[in-house]
Amino acid sequence: MEELEDQNMATVPAIELQQVSFAYNTTPVVADVDLRVPAGDFACMVGPNGGGKTTLLKLILGLLRPARGELRVLGRSPEKVRHRIGYVPQLVHHDPLFPVTVGDVVLMGRLGIRGRGHYSQADRQAAQQALAEVQLAQMSPCPLATLSGGQRQRVLIARALCGDPQLLLLDEPTANVDTVAQERFFDILQELNRRMTIVLVSHDLGFVSRRVKTVICVNRRVIVHPTSELTGEHIRAIYGSDTCMIRHDHHHRHEEARDG
Amino acid sequence: MVEFFQALADPDAAFLRYAFVTGLLASVAFGMMGTYVVARRISFIAGAISHSVLGGIGASLYLQQVAGWQWCHPMVGAVFSALAAAVIIGIVTLRARQREDTVIGAIWAIGMAAGLLFIAKTPGYFDAMSYLFGNILLISRGDLWLVLALDVLVVVIAIVFYNRLLAVCFDEEFARVRGVNVEFYYLLLLCLTALTIVLLVRVVGIVMVIALLTLPAAIAGQLSRQLWQMMLIAILLCVLFVAVGLGVSYAHDLPSGPTIIAIAGLVYLASLALGRAIRSRGCP
């Protein structure tokens, strides 16, 4: 049974939307979206503000329900595969003074795994392992407030990872994080992409396009491009006007003591 | 202070003993729920709940006197109105996010208005001041059992659901993605806060009870790294403030509520100066 399911996972697309529409009250946010993200993809959703990127992400997470259309995540409805989805929200959602340690936050990723309210030894081990994966193993007992923005972003990834997801969804992960931390962040994501599908939302296409396999352009409708085909034409088509694209051909070599 | 301890043992000063024991028992619930209130930043909601309690107290006094419902003790009215305010505010904040502050403010004031109107129309003399600012003479032996029962309820629920409440308070959206019933836990949090507020309304009063809920937790927050540490420290501080406050008020013939709150406020201001240094020791 388990084996059969695993086999399925390789062939079933990670995300599949057919003619999906969603509206807040009467304002349509996404309309007639067809989207297929194959298993193992590393995709970035880009588009103008208010274009529906976050709405699409929330639909995939099961936080919103489509008004029309068919939506399947890992071959099933989002509610049924919650435990296989890892979610990394925007950093700005959190109260920086909230009294939690790094370890506490990561453990939250184990909630709902077996439906009980208390964490087992296995949960704690999974949390510690996830922290090691984002190179923060030593930080477990530290208050979240003492970490830098880049480190906090990695804590949120560890929280998503400790549920052992097959699909990782990230909302604006590079906002408010400096360039060095961003590079490091994408190194970690590329490593994770070996074993899970990754979809991230970003407004910063110039930076991201070098690292991802597919770009999903969202502006009420959706157009998918492999990054190799991406040109200024596509960008203009989706943003509606000239957009400044910056090439990053070399790695920055600044060292930040705090982030080391 | 010696006189205070002698007075505690004095059989003629039973009211002081009841207030003291009530304060100590309620401190446990206050430290725990105060921590959730401060961490989740819902002090304003807790303020509205506590003020709405006057509506319930007024209504039950009126019903006791006019309708002859003797079972309708002011504590019954207080519990009922606090829970009603918590549920209304909870549903409004969950459903319609834009105007929640207006609704909270309205419940705050309407509760007070209703209470004062009921008290005005109740035959006999009832001093609204003693409910607004606290009066330890109002506490009787039977109340101790009520406080103890509510205490046990609040503590058991707050411990059993600790991990889920922590997750809901820290990151509601993530908790929802993990399949946690966020609405249920948020309403549970508000209802437990409402019950806790009722415990000490008569010791420190409706107007100031919110300070005893939030100040110990706010001070504890300066010193702790984790929510449960914050709870333990807040409980100890609450015990300290109630005990010292009652002692000082007895020794100097001061009203108990303001004395307790003034002490808590002074310690809070002092803690702002030392806080961060203690909390982040040993980490970069």
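This one's a predicted model, so the numbers in the text were calculated from it and none came from an experiment. Numbered from 1 within each chain, the chains take letters A, B, ... in sequence-line order.
Two residues are said to be in side-chain contact when any heavy atoms from C-beta on lie closer than 4.5 Å; E173(B) and L61(A) fail this criterion.
More than 12 heavy atoms of other residues, nucleotides or ligands shown are found within 6.0 angstrom of CD on E79(A). Counting non-hydrogen atoms of neighbouring residues, nucleotides and ligands closer than 6.0 angstrom, the CD atom of E16(A) exceeds 12 such neighbours. Counting non-hydrogen atoms of other residues, nucleotides and ligands closer than 6.0 Å to CZ of F80(B) gives a total of 12 or fewer.
A distance of 12.0 Å separates CD in Q226(B) from CG in L144(A), rounded to the nearest 0.5 Å. Remark: R41(B) CZ to L97(A) CG distance equals 6.0 Å, nearest 0.5 Å. In this structure, the separation between CD1 on I159(B) and NE2 on H118(A) is 9.0 Å, given to the nearest 0.5 Å.
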Derivation of the salt bridge (charged side-chain N to carboxylate O under 4.0 Å, His left out) call for D104(A) and R225(B) = CA-CA 10 Å; D104(A) 287 338; R225(B) 296 178 171 195; over 6 Å; no

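Aromatic ring pairs are classed by plane angle as parallel below 30°, tilted from 30° to 60° and perpendicular above 60°; the pair Y87(A) and F174(B) is parallel.
Contact count versus chain B (heavy atoms, under 4.5 Å) is highest, among G163(A), G62(A), G109(A), for G109(A). The residue among V180(B), D171(B), L227(B) with the most heavy atom pairs within less than 4.5 Å of chain A is D171(B).
Interface remark: V105(A) contributes side-chain atoms only to the contact with chain B (heavy atom separation under 4.5 Å). F170(B) touches chain A through backbone and side chain together, each having a heavy atom under 4.5 Å away.
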